[in-house]
Amino acid sequence: MQEKLQAIVSETESALGSVEDMPGLEQLKASVLGGNGSLTVLMKSIASLPPEERPAFGQAVNKVKNHLAELFKNAVSDLNSAADAKALGEAVDVTLPPPGNYTGGLHPLTLATREVVSIFRAIGFTVAEATEVESEWFCFDALNTPEDHPARDEQDTLYFPAETRFGNVQGKADEAFVMRTHTSSVQIRTMMEEQPPIRVIAPGRCFRRDTVDATHSANFHQTEGLFVDRKVTIEDLKAVLDHFLRELFGKQVKTRLRPSFFPFTEPSFEVDLFSPNLGRLSNQWIEIMGCGMVDPAVFDQVGLDTGEWSGYAFGLGIERVAMMLHGIDDIRHFYQNDQRFLKQF
Amino acid sequence: MKVSIEWLKQYVELDASTDTLTEVFPMLGMEVEGVESSGPPALEKVVVGEILSSEQHPEADRLSVCKVKVGEDSPDANIVCGATNFKPGDRVPVALPGAKLPGGFKIKKSKLRGVTSEGMMCSCKELELGEDHEGLLILEDRPEIGTPINDLFGDADVTFDLELTANRGDCLSHVGVARELAARFERELKLPTVESDAPTVSEPSSENPLNKVSVTTENCKLYCAWVIRDVTIGPSPDWLKQRLEAVGLRPINNVVDATNFILMETGQPLHAFDAGKIAGNEIIVRNAKAGETITTLDEAERTLNESMMVIADAEKPLVIAGVMGSVDAEVDDSTTDLVLEAAWFHPGNVRATSRKLNLSTDSSYRFSRDVDPQFTRFAARRAIDLILETAGGKLLNEEVQVGEPPRGDRMIEVTPAFIRDTCGYEVNEEEIAGAWKRLGFQVETGETWKVEVPSYRSEVDRPIDLVEEFARIHGTQSIPEARVQFEAVSRNDSPVFTFMERAADSLVGQGFQECCSYSLRDGKEIEAWHGKEVSAALALSNPLTAEHTHLRASLLPGLLDTLAHNYRNGNDLRRVFETGRVLRPGSQGVMEFASVAFSILTKPASREWKAEATPDFHDASRCAQRLLHAVGVKLPKDGLNPLAESSAWQGGQVARAGEIAKNRVQLTVGYCNLSLSRQKDLDGPVLCGELLVDPVVLRKKPKPARFESFGTFPHALKDLALVVSKNVSAEEVRAAVEKAAEKAAGDRFTVDSVRVFDVFTGKGVESGMKSVACAIRFRSDERTLKDKEVNAAFDEIQVILADTTDYTLRA
């Protein structure tokens, strides 16, 4: 009997080795463990044994049965694994480039804008915006720029014909519309819509009637800043700009406020930057932005009491920031959108 | 504006180096555009010598040994020389032992091949007087032996080219700049003294060659005319020529040069007329007549209009007021009697005229920045002194004056506390008052200070202006470093900015490259995309170039340009996007919208080892859906609908959701019109998506979403394939099935979803028809659905569809 059991085990083990698929396995399993299977038949022969031998035989059969069941279970698992691996196919060449590999990316002007905005967000400024089309009043008059000021001249500012009206850009009266020449007009819109204290940063597109060359562009981007509160001082202005420029260009930069003139600030300054790490612009004073204390005439225009409120404003060119940060020498790169340029950022 | 340092030294003691001044000017508010040195550098111990004799050097073929006389009392010098371009008797510059040549070369007594040399004879180049280094500089004029060489070539000078801000008209002169330097260095300002004078009269006397002087325009507040007789026109003296040349002016004759000198000294433009050429002996300051012409000194004929002001005689305009004179009354060699004009013209008028004529002159530049009317008379008298000195003649003892100076000194009341409060840092009262006094302001202290600002500072008239003057003169370097510290205010970023940020992030995540195009476009391009009406509405009135005549109505043309540029250059850039603002005409006028647009060049530019499926409408549609989801903009419920062919879009391949005019949002997605991409030489169709949003929509804060509970029981799924006409959209079929399913389910259970999972045409489906298969999911929140009830509902759906549609069940 023992020999017969041993023969079933060895026959099954060898047959498993040549099983290729699940039906083959099921067939083999039935031929051993099924109703007419070799083990089942052998087990039935227990009746022919003398009673004293039966318990030992029963135990031996069960042991073999468990062993075979284990073998079949492993065989199923092996077959499944092999089938899964086959479905995945052969080992791949991982060095091949993925097809359609467009990584995409942000434009360097967007990156520079976000960088500037994030520095100011961290100290409590939020983003304000207004339209790119502006009325003359918002772009000039409200900013203390009188009618005969050169900035308003048709040689410098893009005007719409007098009959062009706008649906969602409100003027003050029936003045003409222009493409805004600076983001400073956002100061006016913000002060007229919101109550101080105000701390806003206003990035946006601006327009000058300029011939395009390496340093001039028909449209360009600026970021305006406006801070209005009680008892705002020149010292506050300097503190914020020092902080900003050191965050943007590194802790080692030096700054200076150089007296200048803008109609909407008084006093007005240009901010110069001195840095050891600006490529060919290193170690010299570089003009980076304009700023000043909001001129009381501007507060008068928007109806804020100059006895109570004071503030500062500043503006910088995003193209200039991006050019300085990355050492870009021609402003036209930003608008040509050559991939060889764009992918560098 | 150019200023000469030597000239400035006439009005202020100046010992600062060029480097120091280069630092000082910007901090006073004057940008330094350039610095130029002229004249020889200071050369000590370089004198005129005469070569007495020359002999061959005993040891060297190419050298000679000369005896040179270098001064009456000095012993003759023995000098070894390599040059050959001289002969005994020539006078040359000699650097004596102890001299230091430019470049640092020190001259000392030495031996050259055994012969003692007591100095060096110099070439032009060695003294930095010119480029000639071929031989010795032979002084053909034979100046006195022993004369220091510097005496022959005038003074060394440094010229600064300063750029002044528009508010600082007072600095457009040497006196003005000297005043600033005097304030900065705490020195005294030394104004030149004037002698000539004459009593003021309002009408010319009979002695006067002029019969009448009248002003008939508002834009001339003060007009003064002086008369000088018997002048002799000729060249100016050297010192005057040198001054003018130093600041870039060409000397003309003694009278014109004198007025130019005064212009550069005082900032007051003057004009000298030849009295003999004034027709009718009458001067009229008036507005020009429309169409009136004048030939200006630059020999250009200019047509004037009524907004311009002229100085005219009885017949014709002689000068465009404040801008330029005409050839008609020019002072020339034959002039003997002069009329000298000194006036104050309205800055805005001169500026406008100068702009309109595109003619900017030293005079118009200054008048348009508000010349000091209190200084006009001083400048005229100073010019007269100079003319009498250089051209002779005699001043007529009367000054005809029409009008009055329009402004004078002003009094500003201010407190030191205001200054301190605005500055934010500690400064004492002496420092404040001191800064203003240095600028020539009078300060009367007390509880409230009274500050008298002289008329030359037209722009200083409020307390805040005094803060600027204090900060400027006291120096901004004294503003202390401070920490950023202020109370927070509650406010969010502009919703448009956030919208653009999210849109950009979504599209970058989908493999798109952000681009940036000009907002200004060619009108023809806008017409090709959007038609004549849109193009007409977006035209600028004063475009600069033919390519930039209109504002953009869409971001897409710029994206196509970008694709085309990169395609041409062999770059593999096929998915691009831009965010920005665009204009579209609407019923209430032109509207400015926020827009996001993307473009996909469908034909790959380069081969790939494993072909990627060519993108189609549905790929673009998916990009748009993902974009919308990311920015949180909701479209109208009926979703995308087919859009008819238009100039911008390709028919049958494009869909739109929303109408910007009605819904304030609009999404269009599909192929842009093939004719447009072909125009850009793009090989293959371009898929585009364009989202337009009225910023008003973005300002609305979305309501928080309400939670809806969902069941835990399993769903039941039924598939239904319907044969429908090809013209029926999949969505139409799906919606009909959903409606039928909801009706069939009634209130017993719910329809989870109905989804199209197959669309088929071909074998087994009649031509002109298509099969649309939907998967219907049923669910109950309370129990597991039984097959029986699901089957009953499924049967009922088919009955409802048979009753309400002409769809047939696919066999």
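The figures here come from the full heavy-atom set of this structure, side chains too, leaving out hydrogens, waters and symmetry mates. Every value quoted in this text rests on a predicted model; they were computed, and no experiment measured them.
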Any side-chain heavy-atom pair from [X] and [Y] closer than 4.5 angstrom?
| X | Y | value |
| --- | --- | --- |
| A:Phe269 | B:Thr476 | yes |
| A:Val200 | B:Arg491 | yes |
| B:Asp694 | A:Asn168 | yes |
| B:Leu551 | A:Phe160 | yes |
| B:His548 | A:Leu158 | no |
| B:His565 | A:Asp338 | yes |

If we define contacts as heavy-atom pairs under 4.5 Å, which of [options] has the most with chain B?
| options | result |
| --- | --- |
| A:Pro97, A:Gly104, A:Gly105, A:Pro99 | A:Gly105 |
| A:Arg256, A:Lys231, A:Arg165, A:Arg209 | A:Arg209 |
| A:His243, A:Glu163, A:Met179 | A:Met179 |
| A:Asp295, A:Asp210, A:Asp236 | A:Asp295 |
| A:Pro108, A:Ala218, A:Pro146, A:Ala162 | A:Ala218 |
| A:Asp242, A:Thr110, A:Val169, A:Thr164 | A:Thr110 |

Under 30°, 30 to 60°, or over 60°: which ring-plane class applies to B:Tyr518 and A:Tyr335, parallel, tilted or perpendicular?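 Rings of B:Tyr518 and A:Tyr335: parallel, under 30°.
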Before giving the answer on salt bridge (charged side-chain N to carboxylate O under 4.0 Å, His left out), spell out for B:Asp572 and A:Lys343 the whole-Å C-alpha distance, their side-chain angles and the decisive distance to 0.1 Å. CA-CA 11 Å; B:Asp572 189 18; A:Lys343 73 180 179 192; over 6 Å; no
Where on [X] is there a heavy atom nearer than 4.5 Å to chain A: the side chain, the backbone, both, or neither?
| X | result |
| --- | --- |
| B:Ala352 | neither |
| B:Arg462 | side chain |
| B:Phe512 | backbone |
| B:Asp465 | both |
| B:Pro543 | backbone |
| B:Gln477 | neither |
| B:His550 | neither |
| B:Ser517 | both |

Working to the nearest 0.5 Å, report the span between [atom1] of [X] and [atom2] of [Y].
| X | Y | atom1 | atom2 | value |
| --- | --- | --- | --- | --- |
| A:Phe261 | B:Asn167 | CZ | CG | 4.5 Å |
| B:Glu31 | A:Glu270 | CD | CD | 6.0 Å |
| A:Leu109 | B:Cys515 | CG | SG | 11.5 Å |
| A:Asn337 | B:Leu573 | CG | CG | 8.5 Å |
| B:Leu583 | A:Phe166 | CG | CZ | 6.0 Å |
| B:Phe470 | A:Ile234 | CZ | CD1 | 8.5 Å |

Count the heavy atoms belonging to other residues, nucleotides or ligands that lie under 6.0 Å from CG of B:Asn492, then report whether that count exceeds 12.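 12 or below, so no.
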Tell me, with the steps shown, if B:Glu612 and A:Tyr102 meet side chain to side chain contact (heavy atoms under 4.5 Å, CB included). CA-CA 12 Å; B:Glu612 194 202 357; A:Tyr102 328 107; 2.7 Å; yes
Any donor and acceptor pair, going by atom type alone, linking the side chain of B:Glu468 with main-chain N or O of A:Ser268 inside 3.5 Å?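 Looks like yes, one N/O pair under 3.5 Å.
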Within the distance-only criterion (no hydrogens, no angle test), does the side chain of B:Arg575 pair as donor or acceptor with the backbone N or O of A:Thr103 below 3.5 angstrom?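 No, B:Arg575 side chain to A:Thr103 backbone: no donor-acceptor pair under 3.5 Å.
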I'd like to know which of [options] tops the heavy-atom pair count under 4.5 Å against chain A.
| options | value |
| --- | --- |
| B:Gly348, B:Ala482, B:Ala471 | B:Ala482 |
| B:Met500, B:Glu469, B:Arg351 | B:Arg351 |
| B:Gln588, B:Arg355, B:Arg420, B:Gln510 | B:Arg355 |

Salt bridge between B:Arg552 and A:Glu132, side-chain N to carboxylate O under 4.0 Å?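 The answer is no: the pair does not qualify as a salt bridge.
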Do NZ/NE/NH1/NH2 and the carboxylate oxygens of A:Arg205 and B:Glu578 come within less than 4.0 Å?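 Yes.
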Please walk me through it: do B:Arg581 and A:Glu129 pass side chain to side chain contact (heavy atoms under 4.5 Å, CB included)? CA-CA 12 Å; B:Arg581 300 196 175 232; A:Glu129 281 198 315; 3.4 Å; yes
Would you name the heavy atoms of [X] and [Y] that are closest together and state the gap between them?
| X | Y | value |
| --- | --- | --- |
| A:Pro161 | B:Ala539 | CD-O, 3.1 Å |
| B:Val489 | A:Pro197 | CG1-CG, 3.7 Å |
| B:Cys516 | A:His107 | CB-NE2, 3.3 Å |
| A:Leu342 | B:Glu514 | CD1-O, 4.0 Å |
| A:Thr157 | B:Asn542 | O-ND2, 2.8 Å |
| B:Cys423 | A:Thr233 | O-CB, 3.5 Å |

Can you run down the side chain to side chain donor-acceptor pair (under 3.5 Å) pairs that involve residues 479-490 of chain B, sequence neighbours left out, and say none if there aren't any?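 Passing the test, one end in residues 479-490 of chain B: A:Arg246-B:Glu481.
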Chain B contact residues among residues 116-124 of chain A, heavy-atom distance under 4.5 Å: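 Heavy-atom contacts from residues 116-124 of chain A to chain B are A:Val117, A:Arg121, A:Ile123.
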Chain B contact via A:Gln336 - side chain, backbone, both or neither, heavy atoms under 4.5 Å: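 A:Gln336 touches chain B through backbone and side-chain heavy atoms alike.
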Report which part of A:Phe262 has an atom under 4.5 Å of a heavy atom belonging to chain B: side chain, backbone, both, or neither.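 It is neither, since no heavy atom gets under 4.5 Å.
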